[in-house]
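In this text the structure is predicted, and so the values were computed from the model without any measurement. What's counted below: heavy atoms across the whole structure, side chains too, no hydrogens, waters or symmetry copies.
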Amino acid sequence: MNRGKGYAKHMMRLLHYVLADPTLSQTFPPFPIDQWGAPPVIRQGLGRGIVSVLYSDVGAKFYEACGTAPGRGDGWTVKSPVGTIWKVPKRQDDVVANSGLKNIRWLTKEDQEQVWDEDALLIQKEIREVTSLSFSFLPNNGLANYLQAWSLFYSPTASASEGGIWGARIEEEGDRSNLAFATWCLDPGREGPGTMLITRLRATSEQFLILLDAAFEAARRFGLEQVEIWNLERSLVDIGRKLGGETSEREDHLSSLAWYGNGNKEEVEWWYNEKFSWC
């Protein structure tokens, strides 16, 4: 009854004024009272944001048109909705001979959270050292846990049947000083092939070969047909392609951002724009 009247679009426009900290930008506009009436109430803990993100399943234009004032198209802009997909080989030696799976430690739910804590510290350090306009989300403190719950909702026996394997970490003779890991969630094939979705990856080119092989091995155990990762690091794209990966822009779950700080939104770098922050 209420569809087609612009209510959803207006709700998203109002959301900017609930999330944004207007003191962070010299160009953030005042609330357009003359056109929209009274501004929304800002609850405690809100109104402090410099960036807002969402994942669009209705294309790129709708949320971008949800701007901060009538006629302004400064809403959420699609940012690098790229994914790489591999078909899972039937055997381990179809990919990388002697890949080093002997150095892999499979991650339980508890292991996964510890790895994310370590990763979060490294991400914060890396972002602080960047001179360009950049931001990142952190996988710990419950953010990436959502996808595990999501996996179990659609595939409730996955954790119990496979011993709770939610990722892989490389450890050489007990050395844990160099963090290299992949965590994942499962999509049993509700709308396509059964897929292992790598939620977060930290690896050098050599480590990537091992971790991808580990992901293939785990996917075989779960009976999944393919492995997917979002925004594979540039230095790993060619390696992924040589191993049969196909990289393309996604048609859904389009990662999009609204920027409330100073500077040009088009120049903002979204570090680690991977699956772990999707919801």
message: For a 4.5 angstrom cut-off between non-hydrogen side-chain atoms, does Asp111 reach Trp106?
response: no

task: Kindly give the heavy-atom pair with the smallest separation between Arg105 and Glu171, and that separation in Å.
output: NE-OE2, 2.9 Å

Donor-acceptor contact below 3.5 Å, side chain Lys109 vs main chain Gln148: no

- prompt: In chain order, what residues pass the salt bridge (charged side-chain N to carboxylate O under 4.0 Å, His left out) check against Glu129, with sequence neighbours excluded?
  reply: Lys125

statement: When rounded to the nearest 0.5 Å, the distance separating CG of Leu257 from OG1 of Thr77 is 6.5 Å

- prompt: Looking only at side chains, do Asn231 and Ser80 share a donor and an acceptor under 3.5 Å apart?
  reply: yes

message: Could you tell me if the side chain of Glu269 sits less than 4.5 Å from the side chain of Leu133, heavy atoms only?
response: no

message: Same cluster or not: Ile127 versus Leu24, using hydrophobic residues (I, L, V, M, F, W, Y) connected whenever any side-chain heavy atoms lie under 4.5 Å apart?
response: yes

message: Taking the six-membered ring for Trp, are Trp270 and Phe135 closer than 6.0 Å centroid to centroid?
response: yes

message: Among residues at least two apart in sequence or on other chains, which ones pass side-chain hydrogen bond (donor to acceptor under 3.5 Å, both in side chains) with Ser256?
response: none

query: Do the rings of Trp86 and Phe208 sit parallel, tilted or perpendicular, given the 30° and 60° boundaries?
result: tilted

- request: Mark yes when over 12 heavy atoms from residues, nucleotides or ligands other than Glu251 sit less than 6.0 Å from its CD; otherwise mark no.
  value: no

message: Could you check whether any side-chain heavy atom of Asn103 comes within less than 4.5 Å of a side-chain heavy atom of Ile210, counting everything from C-beta outward?
response: no

field: Note, Trp116 side chain near Leu143 side chain (heavy atom, < 4.5 Å)
entry: no

message: Measuring only between side-chain heavy atoms, which start at C-beta, is Leu254 closer than 4.5 Å to Val58?
response: no

query: How far apart are the closest heavy atoms of Val115 and Arg169, and which atoms are they?
result: CG2-NH1, 3.7 Å

field: Asp117 side-chain N/O to Asn140 backbone N/O, donor-acceptor pair under 3.5 Å
entry: no

- prompt: How many angstroms lie between atom OH of Tyr146 and atom CZ of Phe153, to the nearest 0.5 angstrom?
  reply: 9.5 Å

field: Close side-chain approach of Ile104 and Asp213, heavy atoms under 4.5 Å
entry: no

message: Keeping Lys275 on the side-chain end and Ala144 on the backbone end, is there a donor-acceptor pair under 3.5 Å?
response: no

- prompt: What residue pairs, at least two apart or across chains, pass ring pair (Phe, Tyr, Trp, His ring centres under 6.0 Å) with a residue in residues 231-266?
  reply: His16-Tyr260, Phe28-Tyr260, His253-Trp278

message: Determine whether a donor-acceptor pair (N or O, by modelled atom type, separation under 3.5 Å) exists between the side chain of Asp187 and the backbone of Leu197.
response: no

- request: Mind checking salt bridge (charged side-chain N to carboxylate O under 4.0 Å, His left out) for Arg48 and listing every partner two or more places apart, or none if nothing turns up?
  value: none

message: So, taking the atom named OG1 in Thr247 and the one named CZ in Arg241, what distance separates them when rounded to the nearest 0.5 Å?
response: 6.0 Å

Spacing of CD1 belonging to Ile229 relative to CG belonging to Leu212, to within rounding of 0.5 Å: 8.5 Å

query: Backbone N or O of Pro193 within a donor-acceptor pair of the Glu225 side chain at under 3.5 Å?
result: no

query: What is the distance from atom CD1 of Ile50 to atom CG of Leu19, rounded to the nearest 0.5 Å?
result: 13.0 Å

field: Heavy-atom pair with the smallest gap, counting every atom of Gly75 and Lys265
entry: O-NZ, 2.8 Å

query: Does any N or O in the side chain of Arg250 come within less than 3.5 Å of the main-chain N or O of Val82, such that one atom is a donor and the other an acceptor?
result: yes

message: Could you report the tightest heavy-atom contact between Trp76 and Ala258, atom names first, then the distance?
response: CD1-N, 3.5 Å

- prompt: If you round to the nearest 0.5 Å, how far is CD1 of Ile239 from CG of Leu232?
  reply: 8.5 Å

Any side-chain heavy-atom pair of Cys185 and Phe276 under 4.5 Å: no

field: Validation row: Trp230, Thr199 side chains within 4.5 angstrom (heavy atoms)
entry: no

message: Keeping Glu274 on the side-chain end and Leu201 on the backbone end, is there a donor-acceptor pair under 3.5 Å?
response: yes

query: Does the side chain to side chain contact (heavy atoms under 4.5 Å, CB included) test come out yes or no for Arg13 and Trp36, once each step is laid out?
result: CA-CA 10 Å; Arg13 287 170 166 172; Trp36 290 352; 3.5 Å; yes

field: Sequence-distant partners of Asp21, salt bridge (charged side-chain N to carboxylate O under 4.0 Å, His left out), two or more places apart
entry: none

- request: Not counting sequence neighbours, which residues clear salt bridge (charged side-chain N to carboxylate O under 4.0 Å, His left out) with Glu126? List them please.
  value: Arg202

Glu228 and Thr195 side chains, donor-acceptor separation under 3.5 Å: no

Pro40 versus Leu14, closest heavy-atom pair with distance: CG-O, 3.9 Å

task: Indicate yes or no: does Asp119 engage Arg200 in a salt bridge with an N to O separation below 4.0 Å.
output: yes

- request: May I ask you to say whether Glu64 pairs ionically with Lys61, meaning some side-chain N is under 4.0 Å from a carboxylate O?
  value: no

Shortest non-hydrogen contact between Ala215 and Met196, atoms and distance: O-SD, 3.4 Å

Donor-acceptor contact below 3.5 Å, side chain Ser134 vs main chain Ser132: yes

- prompt: Between Arg221 and Trp184, is NZ or CZ placed under 6.0 angstrom from the six-membered ring centre and within 45° of the ring axis?
  reply: no

